[in-house]
Amino acid sequence: MSDQPHKFGFDTLQIHAGARPDPATGARQTPIYQTTAYVFRDAEHAAALFNLQEVGYIYSRLTNPTVAVLQERVATLEGGAGAVCCSSGHAAQIMALFPLMGPGLNVVVSTRLYGGSITQFSQTIRRFGWQARFVDFDDMDAVAAAIDDDTRAIFCESIANPGGYITDLDAAAKVADKAGIPLIVDNTSATPYLCRPIEHGATLVVHSMTKFLTGNGTVTGGVVVDSGTFDWSASDKFPSLSQPEPAYHGLKFHETFGPLAFTFHGIAIGLRDLGMTLNPQAAHYTLMGIETLSLRMQRHCENAEKVAAWLEQQPAVAGVTYAGLKSSPYHERMTRICPKGAGGLFTVTLKGGYDACVKFVESLELFSHVANLGDTRSLVIHPASTTHRQLEPDQLVAAGAAPETVRISIGIEDTADIIADLDQALQKAAG
Ligand SMILES: *Cc1c(COP(=O)(O)O)cnc(C)c1O
């Protein structure tokens with residue numbers, strides 16, 4: 001026997017991390033703590049909780065035991081120190097930026113992002129006085145050049161939605177490190193089963209748990225995971241974390257909570273004052289989903305590889321962007337960033353253009369035409385006319401959502417059935 005303590009593997013952690021039998025009843029499955037508030041032992045206990053001198057439950061806008069299990073589970077799977085769940089993936093992005101940003105400050109972001117994120121960054125965050133600078137992350141010199149004294153983070157997706165591009169996270173982390181700012185990675189399309197951005201140098205990882213983590217299209221949810229490794233006090237750039245916080249009698253989050261500073265700030269300030277809270281019912285569905293994450297991701301990848309390879313051979317198809325294909329310019333990078341597989345998401349370009357795409361989407365029968373991805377069901381959408389509708393033509397092309405492109409999220413059904421449905425729809429689109 002070795003002296004090293006045994007470390008559980010991913011398949012075990014996705015079922016057990018953060019959970020223990022309910023101390024009150026012995027319930028084996030994590031109960032849904034459907035409660036707004038928690039009874040204080042006495043006035044002193046209440047005061048200690050409110051002062052952050054003791055960790056415990058006050059009110060479910062801040063903390064809830066079901067949500068806490070999910071936070072610990074995702075943090076463990078990502079290899080982070082802590083996590084804060086929120087009401088959606090978009091909420092998680094605001095929660096990740098909120099402690100870092102302020103009026104006049106900027107974040108350098110990839111042009112290859114989920115369409116909703118491009119709109120959130122290019123339009124809505126400007127109302128807070130924040131600015132996003134869009135750069136092609138295949139050009140790390142351009143990323144470095146876009147950073148100035150007012151930059152507080154860089155943001156990209158590991159496997160980018162919708163195009164399936166893979167970001168060189170190690171190179172991005174190097175650029176962030178050199179500038180003394182955190183790298184934030186949206187790991188929604190990859191999940192921690194395929195990619196663990198913290199191992200590639202990311203400081204923060206965000207997810208839309210709506211997608212593969214829950215995996216069956218039942219909830220909207222998000223999470224921010226903190227690696228716990230960033231030194232918030234190394235410069236004067238992050239006063240929310242390094243300087244006295246007036247709302248807590250001058251408490252300094254980094255000095256007091258060390259590697260959990262970002263997580264505690266996210267709960268004590270972010271959830272308390274922005275209120276983007278995940279509800280316990282949604283946390284329950286997500287916990288159920290995560291129990292089978294590795295099995296589903298293996299099947300998503302297996303199916304996507306076969307379907308993408310088949311599509312590539314079809315005469316009506318101009319191109320397929322799946323990084324799991326040997327023909328993909330991102331294939332080599334995939335073997336380094338997400339060696340277990342390139343996920344279930346890619347785009348197909350049809351030779352028939354915009355009209356063929358619309359006909360194709362409308363002709364599919366097993367596939368559902370929805371604005372979602374990462375479901376057990378195969379899903380399809382035409383980004384240019386839906387999710388990416390708000391974007392300018394050049395933004396569409398940069399994001400991999402050109403008008404002649406269809407986004408496909410491959411489910412875990414029988415591969416032959418998925419291909420048969422695509423086959424009949426391609427024929428109708430061509431005819
Ligand atoms: C869906 C999605 C989001 C937004 O998440 P919501 O849960 O819908 O708010 C962010 N990033 C990526 C990559 C997504 O796919």
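In each ligand, atom 1 is the first atom listed, and ligand 1 is the first ligand listed.
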Quiz question: by atom type and distance under 3.5 Å, do the side chains of Y330 and D168 form a donor-acceptor pair?
no
Kindly confirm or rule out an N or O of Y114 lying under 3.5 angstrom from an N or O of ligand 1.
no
What residue and heavy atom of the protein are closest to atom 8 (O) of ligand 1, and at what distance?
S208 OG, 4.1 Å
Between T349 (side chain) and A318 (backbone), is there a donor-acceptor pair under 3.5 Å?
no
When you compare the side chains of E78 and H207, does any donor N or O come within less than 3.5 Å of an acceptor on the partner?
yes
Does any N or O of ligand 1 fall below 3.5 Å from an N or O anywhere on L373, backbone included?
no
Under the ring pair (Phe, Tyr, Trp, His ring centres under 6.0 Å) test against F238, which residue among F262, F98, F253, F230 passes?
F230
Give the ring-plane orientation class for Y38 versus Y57, where under 30° counts as parallel, over 60° as perpendicular and anything between as tilted.
tilted
Within 4.0 Å of some non-hydrogen atom of Q93, the atoms of ligand 1 are 10 (C), 11 (N)
For ligand 1, the portion of K211 having any non-hydrogen atom under 4.0 Å away:
side chain
Looking at H300 and A342, would you say the former's side chain and the latter's main chain have a donor-acceptor pair under 3.5 Å?
no
To the nearest 0.1 Å, how far is atom 6 (P) of ligand 1 from its closest protein heavy atom, and which atom is that?
G89 N, 3.3 Å
Hey, looking at atom 13 (C) of ligand 1, which of N187, D186, I159 has the closest heavy atom?
D186
Hey, does T220 sit under 4.0 Å from ligand 1 if you only count heavy atoms?
no
Is it true that R112 and D136 make a salt bridge, defined as a side-chain N closer than 4.0 Å to a carboxylate O?
yes
With heavy-atom distances below 4.0 Å as the criterion, list the atoms of ligand 1 near E157.
13 (C)
N161 to ligand 1: N or O pair under 3.5 Å?
yes
